Protein chains: 2
Amino acid sequence: MRRKNYHHGHLKNALISAGIEILSKEGLAGLSIRKVAKKAGVSHAAPYAHFADKQALIAAISAEGYRRLYDELSSAVESHRDNPQQMLVEVGWAYIQFAMKDPEHFKTMFSGVIEQEKDYPEFREMSQKSFELLVTLVRDCQEAGFLISGSADMVSISLWSLVHGFVLLLLESQISHKLLERMSVRTMLIFLLNGITKKGIEVTEIELPTSRV
Amino acid sequence: MRRKNYHHGHLKNALISAGIEILSKEGLAGLSIRKVAKKAGVSHAAPYAHFADKQALIAAISAEGYRRLYDELSSAVESHRDNPQQMLVEVGWAYIQFAMKDPEHFKTMFSGVIEQEKDYPEFREMSQKSFELLVTLVRDCQEAGFLISGSADMVSISLWSLVHGFVLLLLESQISHKLLERMSVRTMLIFLLNGITKKGIEVTEIELPTSRV
DNA sequence: GCACTATCTTGACGGCGTCAAGATTTGGGT
DNA sequence: ACCCAAATCTTGACGCCGTCAAGATAGTGC
């Protein structure tokens with residue numbers, strides 16, 4: 001892991017890791033190639049051996065984010081194979097927790113990359129994988145009969161839009177403070193999901209003041 | 001309107017206008033104080049007489065965005081005072097059109113400003129006004145009996161999250177191309193809204209290939 | 001062991017945000 | 001009418017930034 005001589009060895013990954021750290025501490029505006037390079041222990045132009053430009057580094061950081069998000073969503077699915085209804089809640093909850101754990105990384109994934117017609121294949125591939133996971137989940141829920149009917153693609157977009165929009169409004173402090181005092185984020189999620197499920201989802205957990213996020 | 005002598009006269013507004021133009025053409029990354037100053041015809045440090053730093057300029061640009069968004073939403077409401085159901089659709093549609101007309105400006109409004117504990121009063125005030133417009137609309141729809149029941153605040157957040165998330169995914173090209181070929185954005189909006197209304201919303205307009213957005 | 005390629009360093013360029021010092025204008029109080 | 005304080009704008013400077021070109025160094029295949 002240490003830098004011995006001229007060559008680093010795993011510089012590309014080191015740069016991505018350093019970038020994620022800086023991003024989460026200082027935000028996208030504070031992320032610079034030179035800082036990333038310094039953190040990885042190389043000179044200021046070394047990153048250009050691995051990334052065409054700053055955009056490409058941000059794309060790689062975003063792709064890594066999608067990889068982590070996919071893992072979180074997957075394990076939420078695995079933990080509730082038997083109960084599609086709870087699975088839906090837990091996947092939504094995992095999405096929200098992922099976003100709140102590292103808001104800057106999450107926001108960058110969805111607003112820092114796509115410009116012009118440049119293509120970042122790994123980026124698009126990982127994002128597609130997550131969406132397919134959601135579509136499968138929706139189909140299960142529809143077969144179980146408690147989710148609204150309609151094209152699974154469109155229902156998936158509904159769910160994704162709903163949770164994605166909600167967490168972004170949350171991160172941008174657009175959800176009123178008063179509301180957040182009365183209700184935990186998880187309860188809000190359940191309210192949101194209840195809106196587009198046929199049968200209501202039970203609020204199984206009593207909301208305690210200490211559990212508020 | 002012209003620059004005659006030393007003093008500009010309406011520099012603050014000129015800077016905001018210039019900023020919006022640059023933002024919409026070159027994106028947030030391409031927005032610099034120096035470019036804005038040049039476009040307004042003043043020296044590179046002149047903006048500092050009106051804005052504490054770049055953040056403050058971006059906040060002002062965002063606040064102006066909220067002002068315009070509020071106008072759009074208001075006139076959508078005014079046009080359909082008699083029919084709450086259609087009003088809901090048209091307000092959502094106005095939101096989407098606003099975002100698609102100037103994506104960079106819209107995205108900046110929701111992801112460029114809030115950092116640390118800084119407060120930009122006009123920014124928050126305009127955003128709150130728009131939300132209150134939505135809450136009023138929701139109450140009307142609930143009284144008309146076709147929107148799901150529950151706290152008007154929470155239902156408003158549901159609707160806002162849904163449409164906001166959807167349009168952001170759209171702008172970030174996260175909605176699959178195949179889907180967009182089969183369905184217009186307006187039809188998708190109606191599908192989304194159908195999910196959380198009691199009675200379905202009629203798709204009154206036949207979707208023609210040429211009307212696809 | 002040699003040539004080729006990938007990787008990394010050094011140095012330079014213009015653009016950036018920001019600040020300090022000074023010039024110019026405006027406006028209120030007398 | 002005048003003066004002075006405040007507001008507004010210019011000029012010049014600083015360090016940081018993204019990027020590129022030239023060159024140094026290390027690994028790789030023959």
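Here the structure is a predicted model, which means the values were calculated and not measured.
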> Closest to the B:R34 side chain: D:dC9, C:dT18, C:dC8?
Replying inline: C:dT18
> Once you round it to whole Å, what is the distance between C1' of C:dG15 and NZ of B:K54?
Replying inline: 11 Å
> Whole Å only: how far is the NZ atom of A:K35 from the P atom of D:dC16?
Replying inline: 10 Å
> Any idea which of C:dC8, C:dG17, D:dT19 is nearest the B:I33 side chain?
Replying inline: C:dG17
> To the nearest Å, how far apart are A:Q55 CD and D:dC17 C1'?
Replying inline: 15 Å
> From D:dT19, D:dT8, C:dT18, pick the nucleotide closest to the side chain of B:D53?
Replying inline: C:dT18
> Taking CD1 from A:I22 and C1' from D:dC17, how many angstroms apart are they, rounded to a whole number?
Replying inline: 13 Å
>> Looking at B:E104 and B:K107, is there a salt bridge between them, counting it only when a charged N and a carboxylate O are closer than 4.0 Å?
In response: yes
> Does B:Y70 have its ring centroid less than 6.0 Å away from the ring centroid of B:F131?
Replying inline: no
> What's the closest nucleotide to the A:S43 side chain, out of D:dT10, C:dT10, D:dC17?
Replying inline: C:dT10
> Between B:F110 and B:Y95, what is the ring plane arrangement, given parallel below 30°, perpendicular above 60°, and tilted in between?
Replying inline: tilted
>> In this structure, how many angstroms lie between the P atom of C:dG17 and the OH atom of B:Y48, rounded?
In response: 6 Å
> Do B:H44 side-chain and C:dG15 base share a donor-acceptor contact under 3.5 Å?
Replying inline: no
>> From NZ of B:K38 over to P of D:dT10, roughly how many Å is that when rounded to an integer?
In response: 13 Å
> Pick one: which of B:I148, B:V135, B:I196 meets side-chain contact (heavy atoms from CB on, under 4.5 Å) with B:V155?
Replying inline: B:I148
> Through what angle, rounded to 10 degrees, does the axis of the helix from C:dG1-D:dC30 to C:dT30-D:dA1 turn between its ends, using five pairs per end?
Replying inline: 10°
> Rounding to a whole Å, what distance do you find between A:L15:CG and D:dG18:P?
Replying inline: 13 Å
>> From C-beta outward on B:A49, which listed nucleotide comes closest to its side chain: D:dT19, D:dT8, C:dC8?
In response: D:dT8
> Under the 3.5 angstrom rule, does the side chain of B:H105 hit a backbone N or O of B:I61 as a donor-acceptor pair?
Replying inline: yes
> Tell me: CG of B:L28 to P of C:dG17, nearest whole Å?
Replying inline: 11 Å
>> So if I take every side-chain heavy atom of A:A45 and compare against C:dA20, C:dG17, D:dC20, which nucleotide ends up nearest?
In response: D:dC20
> Does A:K178 come within less than 4.0 Å of A:E181, counting only side-chain N to carboxylate O?
Replying inline: no
>> Strictly below 4.0 Å, N to O, side chains only: are A:E72 and A:R68 in salt-bridge contact?
In response: no
